[in-house]
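Indexing begins at 1, ligand by ligand and atom by atom, following the structure's order.
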Amino acid sequence: MLLNLTSHRATLCLVTILMWGTMVDCLIKAKLRTCGTTGFCYRNRAFADDITSLGTDAHSPYTIIQDSILFSEGNSHLHADIENTNNKILFTLDVTILQDNTARVQINEKTPLHQRYDDHARHTLDNPLRPVSPSQVQKGGEKTMIALDDTRALVIYSQPFKMEFLVDNVPVIIFNDRSFFNIEHLRTKANHKPKMIKEPSSPDVMQDTTKLESTMWAERFVNWTDPKPNGPESIALDISFPGFSHVYGIPSHASNLDLKETRGGPNAYLEPYRLFNRDAYMYDLDTPFPLYGSVPIMYAHRKDISVGVFWMNPSETWIDVTKTRSKDKKASSTSKTALHKMFGYGNDKMDDSTAVTGTQTHWFSESGVLDIFVFFGPTPKDIVRQYVSLTGAPMMPPLFSIGYHQCRYNYGDEEEILDIDNSFDKNEIPYDVIWLDVDYTDGYKYFTWNKTSFPDPLRLQKQLEDKGRKIVIIIDPHIKRSNAYRLYREAERADYFIKSPSGDDFVAVSWPGPSSWVDYTNPNAINWWARQFAFDSFTETSENVQLWNDMNEPSIFNGPETTMEKQMVHFGGWEHRDLHNLYGMLMHRATAKGIRERTAIPKRPFVLARSFYAGSQRYGPVWTGDNIADWGHLAASTPMILTNGISGIPFSGADITGFIHEPSMELFTRWYQIGIYQPFFRAHSRYDSEYREPYLVAEPFQTLTRAAIHRRYALLPYWYTLFYNAYRTGTPMMRPMFFEFPEEEPLFTEEDQFMVGDAILVKPITTEGAVSTNVYFPRNEIWYDVETYFCITTPGHTTVAAPLEKIPAYQRGGTIIPYRERPRRSANAMQLDPFTLVAALTTKYTNNTFSCVSLHEDPTGTDATDFAQSHQVLTIERIRILGLKTQPTHARLYAPDIRPYKDLPFDYDNINGVLSVGKPNVSVIDCRWSIVVV
Ligand SMILES: *[C@@H]1O[C@H](CO)[C@@H](O)[C@H](O)[C@H]1NC(C)=O
Ligand SMILES: *[C@@H]1O[C@H](CO)[C@@H](O)[C@H](O)[C@H]1NC(C)=O
Ligand SMILES: *[C@@H]1O[C@H](CO)[C@@H](O)[C@H](O)[C@H]1NC(C)=O
Ligand SMILES: *[C@@H]1O[C@H](CO)[C@@H](O)[C@H](O)[C@H]1NC(C)=O
C-alpha cells in the first residue's frame with residue numbers, strides 16, 4: 001500500500017516529500033531511527049560496554065535478597081526479591097515451572113511508582129498455563145536449584161543474580177551471564193539522580209551530560225518530539241547460549257534464517273535486530289531493520305539439542321547478537337569491546353572459519369515488565385509445540401484459502417472482476433479468491449461500497465460463489481473523520497478511538513485524509529468492531545466476502561517512521577509505547593471474530609493481516625508486505641517465510657512476482673514456481689503496474705505458469721493435511737532444512753532450499769538465466785524427483801538441471817503424498833475428486849502390501865460419521881509406487897466384498913522403477929482394503 005498521485009493523495013505526497021526529502025516515485029520510504037538515535041537502545045548498549053570494559057572486575061549490581069526465596073504451589077513456583085545494589089531499588093522475581101519442558105521467568109519492580117504495563121499477557125497467551133511440580137528443589141544461600149526431571153534443571157545464583165538452564169548438568173541458556181541485566185525503575189523527573197561519572201583527570205564527581213541523559217525525559221526524531229511522560233523505563237537482559245553456533249527467529253526482518261551478529265564478527269550488521277512494527281514500503285534487503293510484524297521468539301540450535309526463549313514484550317525491542325570463537329581469548333575480547341566503545345560499533349574483519357563456541361544475545365525493550373518463557377526442546381519441533389501451546393494453535397484455514405489468490409491494487413469495478421474471473425476459466429487456470437483493495441469503498445469509508453463501480457455487490461458475490469470462488473476485501477483500522485459516516489459517529493461517541501495525551505481523539509492522515517484509529521485494546525471496541533461484519537450492518541455482503549486487514553502497524557502517513565507517536569493513549573491509560581507491536585494483532589483478532597460470528601453457525605474465517613505479533617497465528621495468515629519485483633526479493637521470501645513459520649506463524653507468503661516494479665517474464669515464471677510451495681499463494685501488484693494476470697503473459701511463460709499453478713492445486717490434499725498438522729502441533733508446513741534434519745550440520749545455515757512437510761524438498765531458483773542448480777540432499781535418505789521420479793541416492797551437494805520449465809522438488813523415500821490430479825477451476829470444485837497416491841519407497845521396505853488405516857481420533861463420533869456419510873464417493877483412482885526395483889507380476893486388491901481378490905491393471909516403468917496401479921477405486925472412508933504387489 002502506498003501513496004499515489006491521484007486527487008488528495010497528491011497533497012500527501014507533497015507533504016511527505018517535504019518531510020523526508022527522499023521520495024522515490026512519491027512513495028513512503030520513511031527515515032528510520034537507529035540504536036544511536038533511540039535513547040533506551042543507546043543507554044543499554046552503553047551499559048553493556050561499561051560493564052564489559054571492566055573485564056573480570058565486571059559484576060552485575062543485581063543480587064537476590066537473602067531469605068527472600070519462597071517456594072509455593074508444590075514447588076512449581078519460586079518467588080524472590082532482587083535488589084539493585086547501586087540504588088537499593090527492589091524487584092520481584094517469579095519463576096514458574098510449566099508442563100512440557102517450559103519455564104517462565106518474570107521480573108517486575110516491587111513498588112513501582114505506578115503499574116508497569118503487563119496487560120498484554122491476556123492478549124498474547126491463549127491457553128491457561130499449566131504449572132507442574134519439579135522433581136526436586138534445593139534452596140541455598142548462594143545457589144538455588146530446581147530440577148525439572150532427571151536431565152533438566154535451572155540454577156538461580158544470588159550474588160550477583162544469574163540464572164542457568166542446564167541439560168545434563170551443562171548450561172544451555174544463561175541469563176545475566178554478561179551482567180547486562182538492567183531495569184530502569186520508574187521515577188519522577190524531580191527525584192531522578194543523573195548518572196555521575198568520574199573525570200579521570202580530576203577528583204570531582206561530574207554530572208554526565210552526554211546522550212545517556214539527554215533522551216530520558218523527551219526525545220526528538222526528525223521534527224517529532226516524544227515527550228516521555230514516564231521517563232526512562234526500559235528493561236534489558238543478556239541471554240547466552242553457550243555451545244550454540246546458530247540462532248534463529250525474531251521475525252520480521254529481510255534477513256537470513258541463521259541470524260547474523262550485530263556487534264562485530266564476520267559480515268556483522270552495525271545495528272541490533274529491531275522489532276517495531278511499521279509500514280516498510282519497498283524495504284531494503286539484508287538488514288536488521290524492522291518490518292511489519294514482530295515475534296520475539298528465538299531458537300538456539302546445535303546437533304544434539306535445540307532450546308528457545310520467548311521474550312513476551314510488545315513494546316519496541318532491540319536484540320544484539322554476538323558469537324564467541326575458539327580463538328578468542330578473554331583479553332582479546334575485552335580489548336575488542338573497548339575498541340567498540342571508542343569508535344562505536346564496527347564491522348570486524350574476523351576469520352569466518354574460526355569455530356564458534358557460543359552465541360550471546362542482548363535484549364532490550366522500551367517499557368513493561370520482563371516476562372520470558374524458556375523452552376528446553378529438545379528438538380526444534382518440540383520448541384514450536386511448546387511455544388504454540390502458550391500462544392495458541394495456528395488457525396486451521398478454510399480450504400479455498402490455500403488455493404491461488406489473484407490480487408491487484410486495484411481492480412476497478414464489477415465488470416473487471418467478472419472479466420478476470422471468466423478469463424481464468426477460458427484459459428484453464430484455477431484460482432479461488434479475487435481481491436479488492438481500498439478503491440472498492442465509498443471514499444475510503446470502510447464497510448461501504450462505491451456504488452458507481454460496484455452497483456450490486458451481492459450479485460457479484462453470488463456469481464463468484466456459484467463458481468466456488470470467494471472475494472476478499474480490504475478493511476483498515478483508520479476511520480475517516482466525517483460526521484456523515486456512521487462508523488465515525490459511533491466510535492467517536494463511544495470513545496473507541498485512541499487518544500492523544502490531551503484526551504482528544506488522536507487524529508492523523510491515512511487513505512481517507514484526516515482519520516482516527518480504533519483502539520482494539522478496548523473490549524467494547526472489539527465487540528463493536530466485530531458486530532460491523534454482521535450482514536445487516538455491513539449491508540450487501542454475504543458469506544462469500546472474506547477479509548484483509550492492511551495498514552495495521554498502524555501505518556500513519558504523517559507519523560514518525562510512518563507509524564503512531566508513542567505518547568498516544570489507549571484504553572486503561574496505557575501509552576501506545578507499551579503495546580505498539582501488539583496493535584496489529586488486536587485488529588486481526590477483532591476482524592476474525594466478526595467474520596466467525598456473522599453466521600449462526602460460526603465458520604472458519606479467512607482474514608489476512610499485514611502486521612502481526614506473537615499469537616497472530618490464531619487469526620489467519622500474514623504476508624511480507626510491499627516487496628519489489630526483483631530476484632533479490634524473490635530469494636529473500638524463503639528465509640522470511642521460514643522464519644515466520646518457526647515463530648509460530650506458519651501461514652504466510654510474499655506477494656507473487658513482486659508488488660513494486662515490473663518483473664521480467666523469467667522472474668515472473670520463477671516466482672510462481674516457488675510460490676506454489678509457499679503457504680500463502682497470492683499474486684499482487686501495484687496500481688501503476690502492467691496488468692499481469694497469468695493468462696496475459698506470453699508463451700512459453702504462460703504455459704509454464706499454468707503448469708505451476710496446476711501443480712499447486714494437485715498438491716492441495718497434501719497442503720491441507722500439513723495445515724492440519726500445524727494446527728495440532730505448531731510444526732510449520734514450510735520448514736527450514738534443520739527443522740527436519742536437526743543433526744545434519746551443513747543444513748544449519750541452509751536457507752536456499754526448504755521442506756514442505758516432511759516429504760518434499762524444494763529448491764527455489766532465484767537467479768536469472770539459471771539452467772542448473774546445486775541441491776543438498778540429506779544423508780541416509782532416498783529422494784525422487786517429483787516430476788520424473790528419477791531417484792537420487794548420493795547425499796550432500798549435487799548439481800541438478802534446472803531449466804526454466806523445471807522446479808527442482810524431491811519426494812523423500814518412505815513417504816506417501818496424496819494428489820488430486822484432475823484439473824479444476826477452484827479448490828472447492830475439487831472436493832469430491834478422487835486421489836492419486838504417490839508412495840516413495842526406502843531401501844528398507846519389507847512388506848509388499850499397501851493398506852489403509854484411519855487416523856481419526858474419534859472415528860465413531862457423530863462428526864466423523866456425518867463427514868464420512870457425505871464423502872462416501874471419495875476414492876483413490878491411482879497409486880504410484882516409486883523405487884520398485886523389479887517388475888511385479890500382480891497387483892492384487894483385497895477387500896470385504898471381493899473374493900478372494902481382484903487383479904488390478906498396472907504399468908511398470910523399468911527405467912525409474914515406477915509402478916502405476918490404475919483404477920483400484922478403493923474408498924478413503926472405508927479402510928477395509930489392501931493391495932498386495934507380488
Ligand atoms: C512533521 O513534519 C510533517 C511534514 O511536514 C508534518 O506532517 C508533521 O505534522 C510534523 N510533525 C510535527 C509533530 O510537527
Ligand atoms: C467511485 O468510483 C468511481 C468509478 O471508479 C470513481 O470515479 C469515484 O471517484 C468513486 N467515488 C468515491 C467516492 O470513491
Ligand atoms: C504386512 O502386511 C500384512 C497384510 O496387510 C499385515 O497384516 C502385516 O502387519 C504387514 N507387516 C508389516 C511389517 O507391516
Ligand atoms: C467406485 O467406488 C464407488 C464407491 O465405492 C462406487 O460407487 C463406484 O461404483 C465404483 N466405480 C467403479 C468404476 O468401480
Those residues at least two apart in sequence (or on a different chain) that pass salt bridge (charged side-chain N to carboxylate O under 4.0 Å, His left out) with Arg598 are none

Are there any protein N or O atoms under 3.5 Å from the N or O atoms of ligand 2? List them with distances, or say none.
{"from": "ligand 2", "atom 1": "2 (O)", "to": "Asn450", "atom 2": "OD1", "distance (Å)": "3.2"}
{"from": "ligand 2", "atom 1": "2 (O)", "to": "Asn450", "atom 2": "ND2", "distance (Å)": "2.2"}
{"from": "ligand 2", "atom 1": "11 (N)", "to": "Asn450", "atom 2": "ND2", "distance (Å)": "3.0"}
{"from": "ligand 2", "atom 1": "14 (O)", "to": "Gly443", "atom 2": "N", "distance (Å)": "3.2"}
{"from": "ligand 2", "atom 1": "14 (O)", "to": "Asn450", "atom 2": "ND2", "distance (Å)": "3.4"}

Under the salt bridge (charged side-chain N to carboxylate O under 4.0 Å, His left out) rule, what pairs show up with a residue in residues 580-594, not counting sequence neighbours?
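Output for this query lists Lys593-Glu597.
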
Is Gln546 reaching over with its side chain to a backbone N or O of Leu608, donor-acceptor style, under 3.5 angstrom?
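No.
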
Would you please name every residue forming a side chain to side chain donor-acceptor pair (under 3.5 Å) with Ser652, sequence neighbours left out?
Asn644

Measure centre to centre between the rings of His405 and Phe680, then say whether the value is under 6.0 Å.
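For His405 and Phe680, the ring centres are under 6.0 Å apart.
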
Rounded to the nearest 0.5 Å, what separates atom CD in Glu565 from atom CH2 in Trp224?
7.5 Å

